[in-house]
Amino acid sequence: MMAAESAQTLERGLRLLRVLADQQRGRTPTELATELGLSRPVVYRLITTLQQEGFARRDADGRVHLGFGVLVLAQAVQPLLRAAALPALRKLAERAGATAHLTVAEGPEGLAIAVVEPSWTDLHVAYREGARHPLTRGAAGLAILAAREGGAAVQVSEGQLQEGARGVAAAITLPWLEASVGVVTFGALDVEATGELVLAAARELADALAG
């Protein structure tokens, strides 16, 4: 019985964190209780525990936000994501003949956490790990935004981040991750064929992370 109650409490706490992460806006305890389908006393207990561990915080108006403790977890996850992504990105870069990348959403920006250049091309875009850009610019960010809104699976951009550069990207669809896989190049780009390669890479990486 104790194990079942502990598992239920953990599940509820994780659900609460996911709600707080959604759209990154604060909620009142009453709003959280409604969204989670829980009583306010239960929600208050969850909030108190998460606050003590640094995973939740209250502002001056009493609204609940994610706590800065989640940043420590996020920093620990990025190397794992990078390691998991590299095989799929290497395959994508070689097949597309373009620089392949994994980009994750951080607030209004996209952060490139893994980048692989093709081995056989003479000219490729110098895109570095750690690069940031608004989600509204470039195929990688546009793919993440499209996934939020139920838009087209493959997004294309040209010259939005670097003059002459063309990009194609597709979102990775996992409940706990907002990210995209894409390629960027200065050369000619068959959007349809490259889009299929990008989609295949996104599915491969999603399967690897889900397993």
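Here, residue 1 is the first one in the sequence, and each next residue gets the next number.
Nearest heavy atoms, A201 versus A88: O-CB, 4.4 Å. Minimum interatomic distance between S180 and A140 (heavy atoms only, all atoms of both residues): OG-O, 2.9 Å. For the pair P87 and A84, the tightest heavy-atom approach, listed with the atom from each and the gap, is CD-O, 3.6 Å. Contact record, V43 with P29: CG1-O, 3.9 Å, taken as the closest heavy-atom pair. Nearest heavy atoms, G97 versus W120: CA-CZ2, 3.4 Å. The shortest non-hydrogen separation linking A146 to Q155 is CB-NE2, 3.6 Å.
When side chains are defined from C-beta on, L209 counts as touching W176, because their heavy atoms get closer than 4.5 Å. Side-chain atoms of R58 and I47, non-hydrogen and from C-beta on, do get closer than 4.5 Å to each other. Taking 4.5 Å as the limit, every side-chain heavy atom of V154 sits out of range of all side-chain heavy atoms of V198. Contact check for R132 versus E106: side-chain heavy atoms found under the 4.5 Å cut-off. Side-chain contact between R128 and V115: absent, with no pair of heavy atoms (C-beta onward) separated by less than 4.5 Å. With contacts defined as side-chain heavy-atom distances shorter than 4.5 Å, the pair L81/L177 qualifies.
Under the 4.5 Å side-chain contact rule for hydrophobic residues, L161 and L111 do not share a cluster. No path of Ile, Leu, Val, Met, Phe, Trp and Tyr side chains, each step under 4.5 Å between heavy atoms, connects L80 with V72, placing them in separate hydrophobic clusters. Two different hydrophobic clusters hold I144 and V104 under the rule that ILVMFWY side chains link at heavy-atom gaps under 4.5 Å. In the hydrophobic clustering of this structure, L174 groups with L86; members are Ile, Leu, Val, Met, Phe, Trp, Tyr whose side-chain heavy atoms approach within less than 4.5 Å, directly or through other members. Both L102 and V77 are part of a single hydrophobic cluster, where members link through side-chain heavy atoms under 4.5 Å apart.
The backbone N or O of Q160 lies less than 3.5 Å from a partner atom in the side chain of R137, making a donor-acceptor pair. Formation of a donor-acceptor pair under 3.5 Å by the R166 side chain with backbone atoms of V184 is not found in this model. Under a 3.5 Å cut-off, the side chain of E94 and the backbone N or O of S119 do form a donor-acceptor pair. No side-chain donor-acceptor contact under 3.5 Å links S157 to the backbone of G138. Under a 3.5 Å cut-off, the side chain of R27 and the backbone N or O of V19 do form a donor-acceptor pair. Checked by atom type and distance alone, the side chain of R57 pairs as donor or acceptor with a backbone atom of L66 at under 3.5 Å. No donor-acceptor pair under 3.5 Å is formed between the side chain of D61 and the backbone N or O of R63.
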| Trace of the side chain to side chain contact (heavy atoms under 4.5 Å, CB included) decision for L38 with L32 | CA-CA 8 Å; L38 300 173; L32 288 170; over 6 Å; no
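Atoms CZ and CZ, on R45 and R12 in that order, are 8.5 Å from each other to the nearest 0.5 Å. In this structure, L142 CG and T136 OG1 are separated by 7.5 Å, a value rounded to the nearest 0.5 Å. Expressed to the nearest 0.5 Å, how far CZ of R95 lies from CD of E196 amounts to 12.5 Å.
Other residues, nucleotides and ligands place more than 12 heavy atoms under 6.0 Å from the CZ atom of R148.
With V181 as the fixed residue, the side chain to side chain contact (heavy atoms under 4.5 Å, CB included) test singles out one of T103, L199, I172: I172. When the options V183, L92, T185 are evaluated for a side chain to side chain contact (heavy atoms under 4.5 Å, CB included) with T194, the one that passes is V183.
The pair E11-R15 meets the salt-bridge criterion, with a side-chain N (NZ, NE, NH1 or NH2) lying under 4.0 Å from an Asp/Glu carboxylate O.
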